[in-house]
Amino acid sequence: MESISRRQLFREGSQALAGGVCIGRLFPVNGSTPPTGAVDYYQKLGVTPFINAAGTYTILSASIMPEEVQAAVAWAAQKPVHLMELQKAAGEYLARRLRCEGALVTSGAAAAITLATAACITRGNKSAIANIPAEMQGLRNEVIVQKTHHYDYDHAIRDCGARFIDVETLDEYERAFTERTVMTQFFNAAEGGRIGREDWVRVAHKHGVPCFNDAAADVPPISNLWNYTEMGFDLVAFSGGKGIRGPQCTGLLLGKKDLIDAAQLNNSPYSNTIGRGMKVGKEEIIGLVAAVDWFLKQDDAAMEAEYRARAQRIAELVQGIPSVEARIFIPPVANHVPHLVITYDLNRIKLSAREVMQKMREGVPRIELNPSTGGGPASAGLPGGNNAIVVGVWMLQPGEDQIVGRRLQEVFGEGAK
Ligand SMILES: *Cc1c(COP(=O)(O)O)cnc(C)c1O
């Protein structure tokens with residue numbers, strides 16, 4: 001953890017500006033005025049939107065599409081196309097831009113995981129497509145995984161009727177391959193696995209088995225979109241609706257051409273497939289293509305400087321309150337952007353971090369803090385604790401940092417009474 005240096009923040013911020021990066025374009029003001037003719041259905045349904053001081057969490061509807069992506073989606077929605085033509089063209093375009101052989105737009109990273117598994121089970125055996133889940137049909141179905149890489153998305157692999165073979169050491173991994181092995185699975189943001197990425201890929205390839213990496217939440221840096229395929233992973237999944245800021249229900253499966261083709265055959269719009277229920281429409285496909293174009297125009301250093309500046313503005317509003325300290329924290333792999341961590345003395349401010357979170361949620365406007373606040377559902381590498389508030393600043397819209405800071409000031413004030 002690094003403590004905030006005001007000078008450092010301002011220096012970086014001004015460098016970004018001096019470098020010609022226009023923050024206004026980088027972070028376009030988002031639809032606070034509804035498009036002409038639009039009905040505010042959130043209001044009509046009685047659902048109150050909030051200021052997202054959390055991050056790209058699925059349950060909090062993840063990210064907001066930049067204006068140019070929203071415009072591309074609205075445009076695409078007006079024109080019928082042949083879905084197969086669109087999928088193929090989008091895949092080729094994305095593969096070119098993302099420096100890999102093949103790409104497929106999926107309905108989220110979770111669907112990309114399922115389709116990757118289905119591709120590995122059915123490659124070279126098209127008749128197997130209709131016979132997934134594999135276990136019931138006696139198909140090859142073993143997926144090797146490190147014990148520490150089991151996670152909330154295991155189900156996306158098991159859906160295909162796959163069976164996990166757990167390993168811990170490199171030696172166990174070497175010996176785990178059988179004629180039933182179809183894939184090896186790597187969770188990119190996992191902590192504590194003993195086998196690193198390079199070894200994981202090398203050993204799989206020695207056995208002629210494709211290697212999959214789930215990097216769903218692992219941009220920025222932007223280059224991660226090709227780092228793992230270039231490292232040799234045969235298939236890599238990203239969420240389209242997190243850092244890339246495409247439609248929430250999209251994902252990317254990137255990798256070797258033959259495997260991407262096999263994944264496609266297991267996908268919608270083909271009917272008798274595991275992927276048929278994971279349909280992406282023209283709006284999602286175009287939305288993700290536009291989001292990738294948008295994302296590739298961004299700059300890692302400028303984004304980081306902007307997030308640090310937002311964190312600093314919030315920190316300044318709370319730092320004068322007795323016992324309150326603010327620091328910047330950057331998680332190592334997933335959500336690898338500056339977060340603001342605010343700690344305080346529970347004897348001075350008599351509210352637990354979860355209570356602060358609840359007050360922020362119930363206030364006007366509603367504000368959602370990062371879920372690891374107060375040691376809540378731990379999200380990859382973020383610090384927690386009964387007196388630790390985590391503010392995810394990267395999804396804030398312009399001006400919202402001030403609102404979050406002032407509201408935190410108020411809530412701390414109530415707790416200090
Ligand atoms: C968010 C996430 C997913 C699921 O992504 P969706 O796009 O919501 O389907 C899968 N794996 C990891 C590691 C994630 O963080």
Side-chain angles (χ1 to χ4, degrees), residues 52 54-65 69 94 98 103-118 143 145-146 148-160 162 164 183-193 197 200 211-221 224-225 227-228 233 235-255 263 267-268 274-275 277-281 283-285 287-289 291-292 295 331-337 339 370-372 376-382 392 394-395:
N52 183 358
T56 60
Y57 296 91
T58 298
I59 200 168
L60 301 174
S61 69
S63 63
I64 290 197
M65 294 183 280
V69 178
L94 289 168
L98 301 176
L104 181 63
V105 178
T106 65
S107 67
I113 299 166
T114 301
L115 292 172
T117 312
V143 172
V145 63
Q146 295 188 69
T148 50
H149 287 218
H150 280 291
Y151 64 156
D152 279 354
Y153 297 93
D154 281 1
H155 211 301
I157 292 170
R158 284 197 288 105
D159 282 350
C160 294
F164 283 115
M183 183 177 98
T184 70
Q185 137 82 352
F186 198 91
F187 170 25
N188 197 51
E191 287 161 26
R197 293 181 187 91
W200 193 256
C211 211
F212 168 77
N213 187 5
D214 177 359
D218 304 347
V219 290
N224 274 357
L225 288 172
N227 285 342
Y228 302 117
F233 282 99
L235 288 166
V236 181
F238 290 95
S239 203
K242 293 180 180 169
I244 300 171
R245 293 184 53 189
Q248 192 192 357
C249 62
T250 59
L252 266 178
L253 184 62
L254 306 176
N267 196 21
S268 169
I274 180 122
M278 306 171 189
K279 178 169 66 184
V280 280
E283 298 83 2
E284 288 83 34
I285 295 172
L288 186 54
V289 169
V292 166
F295 194 56
V333 183
N335 307 305
H336 183 64
V337 288
H339 289 63
N370 187 278
S372 66
S379 37
L382 283 162
W394 61 320
M395 292 297 135

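Throughout, residue positions are numbered sequentially from 1 according to the sequence presented. Just follow the structure's listing: the first ligand is 1, and inside any ligand the first atom is 1. Basis for what follows: all heavy atoms, side chains included, without hydrogens, waters or symmetry-related copies.
In terms of protein heavy atoms, atom 12 (C) of ligand 1 is closest to Ala216 CB, 3.3 Å. With hydrogens left out, the protein atom closest to atom 7 (O) of ligand 1 is Ser239 OG, 2.4 Å, a heavy atom. The closest protein non-hydrogen atom to atom 8 (O) of ligand 1 is Thr58 OG1, 3.5 Å. Of all protein heavy atoms, the one lying nearest to atom 11 (N) of ligand 1 is Asp214 OD2, 2.7 Å. Scanning the protein heavy atoms around atom 5 (O) of ligand 1, the nearest turns out to be Ala109 CB, 3.3 Å.
No hydrogens or angles considered: nothing links the side chains of Tyr57 and Asn52 as a donor-acceptor pair under 3.5 Å. Counted by atom type alone, Asn188 and Asp218 present one or more donor-acceptor pairs between their side chains at under 3.5 Å.
In terms of N/O distances under 3.5 Å, ligand 1 is not approached by Tyr153.
The proximity of Lys242 to ligand 1, defined as any non-hydrogen pair under 4.0 Å, is limited to the side chain.
Taking every heavy atom of Phe187 and a limit of under 4.0 angstrom, the matching atoms of ligand 1 come to 13 (C). Numbered from 1 in the order shown, with element, the atoms of ligand 1 that lie under 4.0 Å from a heavy atom of Ala110 read 4 (C), 5 (O), 6 (P), 9 (O). Atom numbering of ligand 1 starts at 1 in the shown order; those under 4.0 Å from a heavy atom of Ala217 are 15 (O). Heavy-atom proximity to Gly108, at under 4.0 Å, picks out these atoms of ligand 1: 7 (O), 9 (O).
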Output, in order, the C-alpha distance, side-chain angles, deciding distance and verdict of side chain to side chain contact (heavy atoms under 4.5 Å, CB included) for Val145 and Asp154. CA-CA 10 Å; Val145 63; Asp154 281 1; 5.9 Å; no
Would Thr117 and Thr114 satisfy side chain to side chain contact (heavy atoms under 4.5 Å, CB included), going step by step from the backbone distance to the final call? CA-CA 5 Å; Thr117 312; Thr114 301; 5.7 Å; no
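Residues Gly243 and Phe295 come closest through the heavy atom pair O-CE1, 3.4 Å. For the pair Thr106 and Ala111, the tightest heavy-atom approach, listed with the atom from each and the gap, is CB-CB, 4.2 Å. The shortest heavy-atom contact between Thr56 and Met395 is CG2-CE, 3.4 Å.
Between His149 and Phe187, the two ring planes are perpendicular [angle over 60°; tilted spans 30° to 60°].
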